[in-house]
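Just so we're on the same page: letters track the sequence lines, and every chain starts at 1.
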Protein chains: 2
Amino acid sequence: MTQEVRMVKRVTLTDVARLAGLSPSAASMILNGRPDTRLSRDAHDRVLAAAAELGYRPNVAARALRTSTSHTIGFVSDLVATTRFASGLIKGALGAAEAAGHVVLVAETGGEPEREAEAVSALLDRQVDGVIFASMRAREILVPPIPSSVRAVMLNATSETHVCSVLPDEETGGQRAIELLRDAGIHDDILLLGYDADAERDLFRSATVAARVRGIYDTMAREGMSFSREESIWLWEPDHGHDVTARVLASGPPPRAIVCLNDRLAFGASQALGEAGLRVPDDVALVSFDNDELAAYLRPGLTTIGLPHEAMGRRAVELLLAPDGPPPGEHLVEMPVVIRASLP
Amino acid sequence: MTQEVRMVKRVTLTDVARLAGLSPSAASMILNGRPDTRLSRDAHDRVLAAAAELGYRPNVAARALRTSTSHTIGFVSDLVATTRFASGLIKGALGAAEAAGHVVLVAETGGEPEREAEAVSALLDRQVDGVIFASMRAREILVPPIPSSVRAVMLNATSETHVCSVLPDEETGGQRAIELLRDAGIHDDILLLGYDADAERDLFRSATVAARVRGIYDTMAREGMSFSREESIWLWEPDHGHDVTARVLASGPPPRAIVCLNDRLAFGASQALGEAGLRVPDDVALVSFDNDELAAYLRPGLTTIGLPHEAMGRRAVELLLAPDGPPPGEHLVEMPVVIRASLP
DNA sequence: CTGTTAGCGCCTTCAT
DNA sequence: ATGAAGGCGCTAACAG
């Protein structure tokens, strides 16, 4: 390896050209693979060899200045640490960006409009080729105006101004959950935990929950299945799942199965079942949504319809970098069915 | 608000200068607040006003080309999604960077040397002012050679070549856990769950666990306390915590308290306790480490010594951006004591 | 005290 | 088929 560190001075295109015995412009064309202008095969080889030998790397700032493209994409999200979901989105985006020779500038805004505007400006200052606006709970978000020359895609979010968005296919996900129950031979005596018609109107609640619920109801109807009871819960946290489940159990015979609208609810429900001496899945079966990290930790493991965060992040950058720009429309990503042991 | 989008053309320094009736260089000096060269008060005001009116924003690429500084820092980590810890580090870094007017390029390497080298090159191509090398499990990592002109700090990691690193203060953390027990009046009949002398020698295991354990033992000795039993566990996952705890419970009377080396172990232990009909904290008290998301979900909530990821991320960029460069040494960040209900 | 000049590294005409 | 020249936007070293 002749890969030593040159701290004296970065090797420049001119250096490469000189070593190859050509002009910088010729070297530029060859290295950028311009097809129209046909330099000699020999020139090609000499330039490529010289670049390799010197370990030439283009100066992105100079290129950006000239072409206003930086091989960099911006990722602005409302929250990164609060939810483990964010890292999946980011990881997917990072991977796809790397594959495309791009690098990702990440900014967090906490959902505050001023910080968002500032973040976008900071990205634009750096000539990003496009920006991904990600939200941690799928919903309609307002994005600051950006020049029409800058590509944008909404990730786990929608927007009136930017029409390309990537969302989980919640409706099919809801369908899958019910099919799982059906396949386990459970058709009735099912408790639905979490759906709250009021909450759904809340802008801060995921907008895709509606689709999830629709998928659930439609499939239940189609399969001739029915809920014996529905408990609405405003806040989908373990404590609430626990308390509501405990209340239901205290009020009569336990249901045969519980469909929880997310894993945190299921986590609480499972604790309540344990306290009541009921066993999962023999006494009560459990299905839920998200494939939260929790789902794997539960005993028995929770069967759940996962949110495909990583795939969504990947998809977003693929769309952003599409040759003709991000295709408009809602791009749905399939939710994986994660089978564990909470269903018989 | 005259904050309309200019998609035709970005406003440039020349525009500002022209509007102020000055030369671009004069405008540059004023906007960059060069103290030495004293332009007239009036010129100052005119330039500032012009910049504000036009909504001027410097073109970072152009500035980078000229000054080779981009107000951008690189964050390269081995893993981002696998562990919820990563997002804390990133969030902290993002916040501090934003406060300092910087933006963060994130790259993930999966711990693979080639990807890491490539990522670093990509960052260097973009003139980053410095790079943070983060590892998700504190340990010694090899970083690719970078020019000495580029600042570097290790985050949750150490390295032979780069001497500034940020680490959790595990020794004090271990001490705190034992003090909690002491304050609860529990001095003996304590089970230690997880420590494994062999595992500790494993390079892929956090190097700081040694300090955590040292803090625990030293404090136990100093306080005249003792473990009645120690169970080593190689893999710190809930299942193992569950199984080992169940085995211990089956073999005799339960301990008065369990110190778990992480929350996932504690989660498993808590399940085993529940199955055995033992109540936390009345029958058995629990303390552990990390302040994983799980810790809040458990019933009762888990008292734990938290890993201060966000503070560490913040600290790392503060050190990176220090006026005289990152100060050498290991910078320890205090671990917060998170009191919940698993101790009496 | 102020303005002009030069050039960072690259790419894209245009002229050979 | 190849090379020369100019300029992206900015700032540092110069003149005036």
Side-chain angles (χ1 to χ4, degrees), chain A residues 6 8-47 50-51 54-72 121 124-127 129 147 149, chain B residues 6 8-47 50-51 54-72 121 124-127 129 147 149:
Chain A
R6 280 156 228 285
V8 192
K9 191 164 182 328
R10 259 183 91 100
V11 6
T12 155
L13 184 59
T14 313
D15 299 332
V16 174
R18 183 164 37 229
L19 180 57
L22 286 176
S23 74
S25 34
S28 168
M29 311 188 122
I30 290 171
L31 289 173
N32 293 326
R34 289 226 156 289
D36 49 320
T37 167
R38 296 188 311 171
L39 293 252
S40 72
R41 247 272 133 275
D42 183 58
H44 255 81
D45 298 344
R46 292 209 313 275
V47 168
L54 298 177
Y56 170 69
R57 294 210 130 231
N59 177 323
V60 176
R63 177 181 286 173
L65 185 56
R66 189 63 237 259
T67 64
S68 47
T69 155
S70 56
H71 279 214
T72 301
S121 295
L124 260 25
D125 291 347
R126 286 163 180 81
Q127 319 264 36
D129 297 344
S149 60
Chain B
R6 279 156 227 284
V8 190
K9 191 167 182 324
R10 259 183 91 99
V11 8
T12 155
L13 183 59
T14 312
D15 300 331
V16 173
R18 185 167 32 231
L19 180 57
L22 285 176
S23 74
S25 34
S28 168
M29 312 192 121
I30 289 171
L31 289 173
N32 292 326
R34 289 226 158 286
D36 50 322
T37 167
R38 296 187 311 171
L39 291 254
S40 73
R41 249 272 138 271
D42 183 58
H44 255 81
D45 298 344
R46 291 208 313 276
V47 168
L54 299 176
Y56 170 71
R57 295 209 128 233
N59 177 325
V60 177
R63 178 181 285 173
L65 184 57
R66 191 66 237 254
T67 63
S68 47
T69 154
S70 56
H71 280 220
T72 300
S121 295
L124 259 26
D125 290 347
R126 286 162 181 82
Q127 320 263 38
D129 297 343
S149 61

Heavy-atom side-chain proximity of B/V16 to B/V47 below 4.5 angstrom: yes
Residues passing the salt bridge (charged side-chain N to carboxylate O under 4.0 Å, His left out) test with A/R46, sequence neighbours excluded, are A/D42
query: What nucleic acid atoms does B/L65 come within less than 4.0 Å of, heavy atoms only: base, sugar-phosphate, or nothing?
result: base
Picking from D/dG3, D/dG9, C/dG9, the nucleotide nearest the side-chain atoms of A/T12 would be C/dG9
Closest of D/dA12, D/dG7, D/dC10 to the A/R66 side chain is D/dG7
Min side-chain heavy-atom separation A/T67-A/Q127 under 4.5 Å: no
With sequence neighbours left out, the residues meeting side chain to side chain donor-acceptor pair (under 3.5 Å) with A/D125 are B/R10, B/R57
Whole-Å distance, A/R46 CZ to D/dA1 P, equals 15 Å
Taking only side-chain N and O atoms of B/T14, does any of them lie within less than 4.0 angstrom of OP1 or OP2 on D/dC10? no
Practice task
Any chance you could lay out the side chain to side chain contact (heavy atoms under 4.5 Å, CB included) test for B/T72 and B/R126, step after step, and finish with the verdict?
Solution key: CA-CA 8 Å; B/T72 300; B/R126 286 162 181 82; over 6 Å; no
A/L22 CG to D/dA1 P, in whole Å, measures 15 Å
Atom CG of A/D15 and atom C1' of C/dC8 are separated, to the nearest Å, by 14 Å
Taken to the nearest whole Å, CZ/A/R57 to P/C/dC10 is 12 Å
A/I30 CD1 to C/dC10 P, in whole Å, measures 15 Å
Nearest-nucleotide check on DNA chain C, B/P24 vs A/A61; residue mapping nearer the 5' end is B/P24
- Task: Looking at every strand, decide which applies to B/P58 at a 4.0 Å heavy-atom threshold: base, sugar-phosphate, or nothing.
- Result: sugar-phosphate
- Task: Taking only the side-chain nitrogens and oxygens of A/Y56, find out if one of them lies under 4.0 Å from OP1 or OP2 of C/dG9.
- Result: no
Rounded to whole Å, CE of A/M29 lies from P of C/dT12 at a distance of 8 Å
Rounded to whole Å, the CG-C1' distance (A/L54 to C/dG9) equals 15 Å
Atom CG of A/L13 and atom C1' of D/dG3 are separated, to the nearest Å, by 13 Å
**Q.** Donor-acceptor contact present, side-chain A/S70 to main-chain A/A64, <3.5 Å
**A.** no
Open item on the list: So for A/S25 and D/dA4, does any side-chain atom that can act as donor or acceptor lie under 3.5 Å from a complementary atom in the base?
Closed with: yes
Heavy-atom nearest pair, A/L13 first then A/P24, reads CD2-O, 3.7 Å
Testing C/dC11, D/dT11, D/dG3 for proximity to the side chain of B/R63, the answer is D/dT11
The nucleotide from D/dT11, C/dT12, D/dC10 with an atom nearest the side chain of B/N32 is D/dT11
With five pairs defining each end axis, the helix from C/dC1-D/dG16 to C/dT16-D/dA1 comes out bent, to 10°, by 50°
- Considering only heavy atoms from C-beta outward, does the side chain of A/R63 approach that of A/T69 to under 4.5 Å? no
